[in-house]
Asker: 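Have a look at this one before I ask anything.
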Amino acid sequence: MYWTGLSPDEARKHLANKDKSKRDKRMSLKEAVQKYVKDGDNIGVGGFVDCRQPMAIIHEIIRQGRKDLTLTFPSEGLSVEYLAGAMALDENHLNIKRLELAYWAHEAFGISPLFRYLAENGKIEIEDWSNANMSARLKAGAMGIPFIPYRSPMGSDLVKTNRSKVIDCPFTGKPVLLLPAAHPNVAIIHVQEADMYGNCRIQGPTFVCPETSMASAYTIVTCDRLIEHEEMTRYPNRISIPYFSVDAVVEVPFGAYPGNTHGIHYFDEKHIVEFRTACDKLRKGDSGPLKEYYDNYIYGVEDFGEFISKIPYKQLQHIQKIESGIRLEAGYTAL
Amino acid sequence: MYWTGLSPDEARKHLANKDKSKRDKRMSLKEAVQKYVKDGDNIGVGGFVDCRQPMAIIHEIIRQGRKDLTLTFPSEGLSVEYLAGAMALDENHLNIKRLELAYWAHEAFGISPLFRYLAENGKIEIEDWSNANMSARLKAGAMGIPFIPYRSPMGSDLVKTNRSKVIDCPFTGKPVLLLPAAHPNVAIIHVQEADMYGNCRIQGPTFVCPETSMASAYTIVTCDRLIEHEEMTRYPNRISIPYFSVDAVVEVPFGAYPGNTHGIHYFDEKHIVEFRTACDKLRKGDSGPLKEYYDNYIYGVEDFGEFISKIPYKQLQHIQKIESGIRLEAGYTAL
Amino acid sequence: MTKKYASDYTAQEMIVVAGARTLEDNKVVFAGTGLPMVAITLAQLTHGPGIVPVFEGGAVGPKLSRGLPLSVGGSRTTYRANYLLGLNAAFELTQRGFCDYGFIGGAQIDPYGNLNSTMMGDFPENYQNPKVRLPGSGGASDMACSCERTIIIMVHEPRRFVEKLDYLTSPGYLDGSPNAREKAGIVGQGPYRVITTKAILGFDDETKRMKLIATLPGETVESVQKATGFELIIPDDVYEFEPPTEEEIRLIREVIDPQGYFVAKKIKE
Amino acid sequence: MTKKYASDYTAQEMIVVAGARTLEDNKVVFAGTGLPMVAITLAQLTHGPGIVPVFEGGAVGPKLSRGLPLSVGGSRTTYRANYLLGLNAAFELTQRGFCDYGFIGGAQIDPYGNLNSTMMGDFPENYQNPKVRLPGSGGASDMACSCERTIIIMVHEPRRFVEKLDYLTSPGYLDGSPNAREKAGIVGQGPYRVITTKAILGFDDETKRMKLIATLPGETVESVQKATGFELIIPDDVYEFEPPTEEEIRLIREVIDPQGYFVAKKIKE
């Protein structure tokens, strides 16, 4: 059995030797990506489809360029589409070597043009899993166990090509699926609120973000709002990721734009369609619009803030206004 | 392999056939115990040592009497001590057949006289596990998987007598412990706040209460405060046990007395010592004080409210006053 | 109140209506993305106010009164939810037995209700460079295994109803042999209904092959069979499905999906 | 500031002081109930304000300024915690590698640092009716396995320091053979220190047998060996442990455990 990212023993050893002290982990995104994202890394991508996507971190990875990446996630949309776009434009600057995934598309915003492009041209190695399986693999990693049993999806073709194993349960005698733990080298996660030590308070669905962080060797967190530590620890039951699982904290308002960040802003459908249309054109042979998009919005700017400043203010206001629950009091989810 | 409580397949079938509708589940504790606690049952006991113990439910089980009980829990104190006291006084009225546990004592309040009494006289069947193992067994039950791997405590004598199995991990080749899932027939749990449908909001440590409820065929919940459903669902991220896992909801203020209920009241050391001293006397041959205690506080009253009304009001006020965080706003844990 | 039937509706709207009517009140329904979300909302607004939706993002039992969610992880799935964690919690609930129905779709279906949403082409030969790469399982294969029963929504075309799938993503009755699911270790009972743009279908108790239950308005047994790439079991009691009512169509168009995200597939291609 | 040593202290107070001094600042420490909680609090109040306590009830990294917890699940463990779930979360953190030290006790210890907190009597013959039944493992066996290192606190008596345990609850170096822990599948490195009422002990790198590191004030190598039911390794560099300072004793008596719950064992028998 081969491991991508870290093996369970490597992951344990790495963490046991790590400094877990409570210290100021704020830094620039540029520094965080330089420090914690390496060529050849297995990246655990936080969020879900087009929700709470770690877009600012993705932009920075694209700007810096990285090679031979493995991406680990249950279901993603925008984050991986942006990485794929960079790869489609210049494989020498950034390339994805391998995917361990359950789903890559955009739900209401359609399928993924660039997943089709990369897969149908044989440009990436794919390992298909189910959402429950990928989530459980990261959970097993976070729990420190080398594998976890599951009761789906035996009988499917997924289990024929991925690294799961069907065994007879030693207690019931019935078939059960064993899933190897996942330990990415680095988790990239956007949350609504974090403190300077790395404690995170996620509003709405947590997706698999806490598990991904705790399974990974390093975690980079961006947050819409950096809040005071004293405010964070008033509500210990609401801390979703504890500080000692986080290595870098960067405050990036709109850090998941143009996706949806629960309680902060809704999808920017206009921008998503603009980007996705350019991706679709590339798949059909015209890379011009996508190149223009990247030159304008990613390569042509210093940081994510400069990208956001290129979005009309009214459009940003609009997606804040149509978000169901704008209040972010602790415990509040949607009002 | 034998199963106590339900086997994984029985547990799945039972739940699949169960009515999961959102309906008023309030009833008297008398009715709840009559309906959901049977002779021969495996009872999943909520709480931890002397904290958030389901004391009101325990009193009612003792009043009604039950035979051949199996008790499943990581660490308990008062709840099981009270059951053991009833057994020590009259095995024909109530008896514990079997324990699946990690720890039975009272931490700062000393060891358990009645665990010693029952065990040293060979009156119960014991299966020793670790806290992590019992917690993980209930978690596996809640997750719907027949077993869960763990990395402790191999090498101990615990794994020689309990039903765990050591195998070579099919992925790493290294030894790993497999723990069979636990599916009690009924979970008994005290929480700070619940709504009439059974949604529970636990303050402070959740212990293994959510897992125990979701692993069990039925769940009886008592709460210090019954709150409105609309208030509960304002904070969905804070719901610890979802309503469809709960079968009976009973509002019982001081329902974990004389133990500690986080945010509500502290331990009543005076009463705990009174009770424990009577238990200790029984172990040493004098059952008189314990009989008197039970006649006065349990058999001599209609319900838990009558028991509480026998405690001096000043004593109740005192344990409320010395509790660290008296505010129970959602999200607040300790102020 | 006399029912007024709608005179004008699309195939997708018909699917949504049929899907909604299939759901019982007070059941827990794990909702796949797209049309299933629309159908559940319609059922909640008509005969099933007690339906409890589960979204794989993590929201359980929310009110869907904030507008149609564009994602099963979106912020419109959480309003007044009765539990709200993440993917692991949602799928574990399902595996444990809390979900009565799963509501899923696929690109291909076979006679035993197995679904493909992964790839077109030769498997395993061309798995790493398929003819068409689809989004992948997502949670569909888990729902198909572990919800007690599954309801499948499909566009009814011969190329989608095939004797053999290119890739089996979501298990139905597998090869149809007795207890095939149980023998594979799967816990749920399997496909209950297939709701298509042309018919309502079920499965034969014994052979587990797909059978016709009802034809949708405008369709016949023959037209349904013709649109199916394998032979359907046609029982004697096939009936015509009741057309959508004006009220159902109004709810879909005006209340549930006025912008046509899923029902008109405005953005999706 | 010149240190003033306390002239009057109990064996338990000495244990607490030695335990506290053994802890490094900024480390994550999984705290067993009783004396470990007192020692951690003392360390936080002296040289280790950055120590992060983990309680198995579920509280991680709280401030211990609300008074000494009477239970590792009690409400005094949660004030300003940095994570607060339940037992599973606490033990998973440990298994994963987040806990630098585990701090545990036992009724018996053997030369390899294995502990018994389950029963006295013949095992397995009298497992179901032991001579003395102890509380059981609790989380101690998990901490002993999965914290990176363990610190053990013991009352130093010959009947507690035995060549062979009645029952092995919490693994130390098992039989002392090379890589015995790793071969058993255990992830943590094992016992680091044994702090007793008479001495500070460690383990020989090669044989994994217990060795004397320091004698506590008033004790000698001979008195320690005499109180030990097996032969200790006595290196040349055994030293005398620095006595408790007045300040340390004051903190224990006046600030940390003024009512003597754990240090004076007022209630415990």
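Any value given below was found using the heavy atoms of this structure, including those in side chains, with hydrogens, waters and symmetry copies removed. A note on names: the letters A, B, ... follow the listed sequences, proteins ahead of strands, and every chain is numbered from 1. All values derive from a computational prediction rather than experimental measurement.
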Asker: Going through the checks in order, is the side chain to side chain contact (heavy atoms under 4.5 Å, CB included) test met by D:R133 and B:I126?
Answerer: CA-CA 11 Å; D:R133 175 65 214 202; B:I126 303 174; 3.9 Å; yes
Asker: Given a strict heavy-atom distance threshold of 4.5 Å, which part of D:L68 is in contact with chain B: side chain, backbone, both, or neither?
Answerer: backbone
Asker: Any side-chain donor paired with an acceptor under 3.5 Å for D:E56 and B:Y103?
Answerer: no
Asker: Who wins among D:G139, D:P124, D:G58 for the most heavy-atom pairs under 4.5 Å with chain B?
Answerer: D:G139
Asker: Using a strict 4.0 Å threshold on nitrogen-to-oxygen distance, state whether D:E92 and B:K139 make a salt bridge.
Answerer: yes
Asker: Could you tell me if the side chain of B:F48 sits less than 4.5 Å from the side chain of D:V72, heavy atoms only?
Answerer: yes
Asker: How about B:W104 and D:P135: do any of their side-chain heavy atoms sit closer than 4.5 Å?
Answerer: no
Asker: Which one, B:A136, B:A105, B:S112, leads in non-hydrogen pairs under 4.5 Å with chain D?
Answerer: B:A136
Asker: Tell me the closest heavy-atom pair linking B:F207 and D:G57, and the distance in Å.
Answerer: CD2-O, 3.6 Å
Asker: At a heavy-atom distance under 4.5 Å, which candidate from B:T261, B:T206, B:L101 has the highest pair count against chain D?
Answerer: B:T206
Asker: Give, as side chain, backbone, both or neither, the part of B:E127 having an atom under 4.5 angstrom from any heavy atom of chain D.
Answerer: backbone
Asker: We want to know whether D:N88 and B:S135 form a side-chain donor-acceptor pair, criterion being a heavy-atom distance below 3.5 angstrom.
Answerer: no
Asker: In terms of heavy-atom proximity below 4.5 Å to chain B, should D:P171 be classed as side chain, backbone, both, or neither?
Answerer: side chain
Asker: Side-chain contact test, heavy atoms from C-beta onward, threshold under 4.5 Å: evaluate it for D:Y167 versus B:K160 and give yes or no.
Answerer: no
Asker: Considering only heavy atoms, which portion of B:D50 lies under 4.5 Å from any heavy atom of chain D: side chain, backbone, both, or neither?
Answerer: neither
Asker: Please look at D:S71 and chain B and tell me whether the side chain, the backbone, both or neither of the residue comes under 4.5 angstrom of a heavy atom of that chain.
Answerer: both
Asker: Using side-chain hydrogen bond (donor to acceptor under 3.5 Å, both in side chains), reason through D:T118 and B:D128 one step at a time and then give a plain yes or no.
Answerer: CA-CA 8 Å; D:T118 301; B:D128 274 285; 4.9 Å; no
Asker: Side chains of D:Y127 and B:D157: do they bring a donor and an acceptor to under 3.5 Å?
Answerer: no
Asker: Flag the pair D:S75 / B:E323 as yes when at least one side-chain heavy-atom distance between them is below 4.5 Å, and no otherwise.
Answerer: yes
Asker: Are D:K183 and B:K174 close enough that some pair of their side-chain heavy atoms sits under 4.5 Å apart?
Answerer: no
Asker: Give the minimum heavy-atom separation between B:N131 and D:D142, together with the two atoms involved.
Answerer: N-OD2, 3.5 Å
Asker: At a heavy-atom separation under 4.5 Å, does B:I124 approach chain D through its side chain, its backbone, both, or neither?
Answerer: backbone
Asker: Quick one: which of B:A132, B:S156, B:G77 has the most heavy-atom pairs under 4.5 Å with chain D, could you say?
Answerer: B:A132
Asker: If you count heavy-atom pairs under 4.5 Å with chain B, which of D:T77, D:V132, D:T169, D:L174 comes out on top?
Answerer: D:V132
Asker: So for D:S141, is it side chain, backbone, both, or neither that comes closer than 4.5 Å to the heavy atoms of chain B?
Answerer: both
Asker: Could you check whether D:N129 and B:E120, counting side-chain N and O atoms only, form a donor-acceptor pair closer than 3.5 Å?
Answerer: no
Asker: Taking atom NE2 as the centre, does B:H271 end up with more than 12 heavy-atom neighbours from other residues, nucleotides or ligands that are less than 6.0 angstrom away?
Answerer: yes
Asker: More than 12 heavy atoms of other residues, nucleotides or ligands under 6.0 Å from CD of D:E163: is that the case?
Answerer: yes
Asker: Hey, are the side chains of B:S152 and D:I186 touching, using non-hydrogen atoms and a 4.5 Å cut-off?
Answerer: no
Asker: Sort B:Y117 into side chain, backbone, both or neither according to what part of it lies under 4.5 angstrom from a heavy atom of chain D.
Answerer: neither
Asker: Run the side chain to side chain contact (heavy atoms under 4.5 Å, CB included) check on B:L158 and D:S137 step by step: do they pass?
Answerer: CA-CA 9 Å; B:L158 289 103; D:S137 160; 4.1 Å; yes
Asker: Counting only heavy atoms closer than 4.5 Å, note whether D:L87 contacts chain B via side chain, backbone, both or neither.
Answerer: both
Asker: Return the option, out of B:G122, B:P74, B:G47, with the maximum number of heavy-atom pairs under 4.5 Å with chain D.
Answerer: B:G122
Asker: Going by heavy atoms in the side chains, are D:L70 and B:Y266 under 4.5 Å from each other?
Answerer: yes
Asker: Which atoms of D:F123 are under 4.5 Å from chain B, going by heavy atoms: the side chain, the backbone, both sets, or neither?
Answerer: side chain
Asker: Taking side chain as everything from C-beta outward and backbone as N, CA, C, O, which of these in D:Q128 sits under 4.5 Å from a heavy atom of chain B? Side chain, backbone, both or neither.
Answerer: both
Asker: What part of B:S75 is in contact with chain D, defined as an atom under 4.5 angstrom from a non-hydrogen atom: side chain, backbone, both or neither?
Answerer: side chain
Asker: Are D:L134 and B:R116 close enough that some pair of their side-chain heavy atoms sits under 4.5 Å apart?
Answerer: no
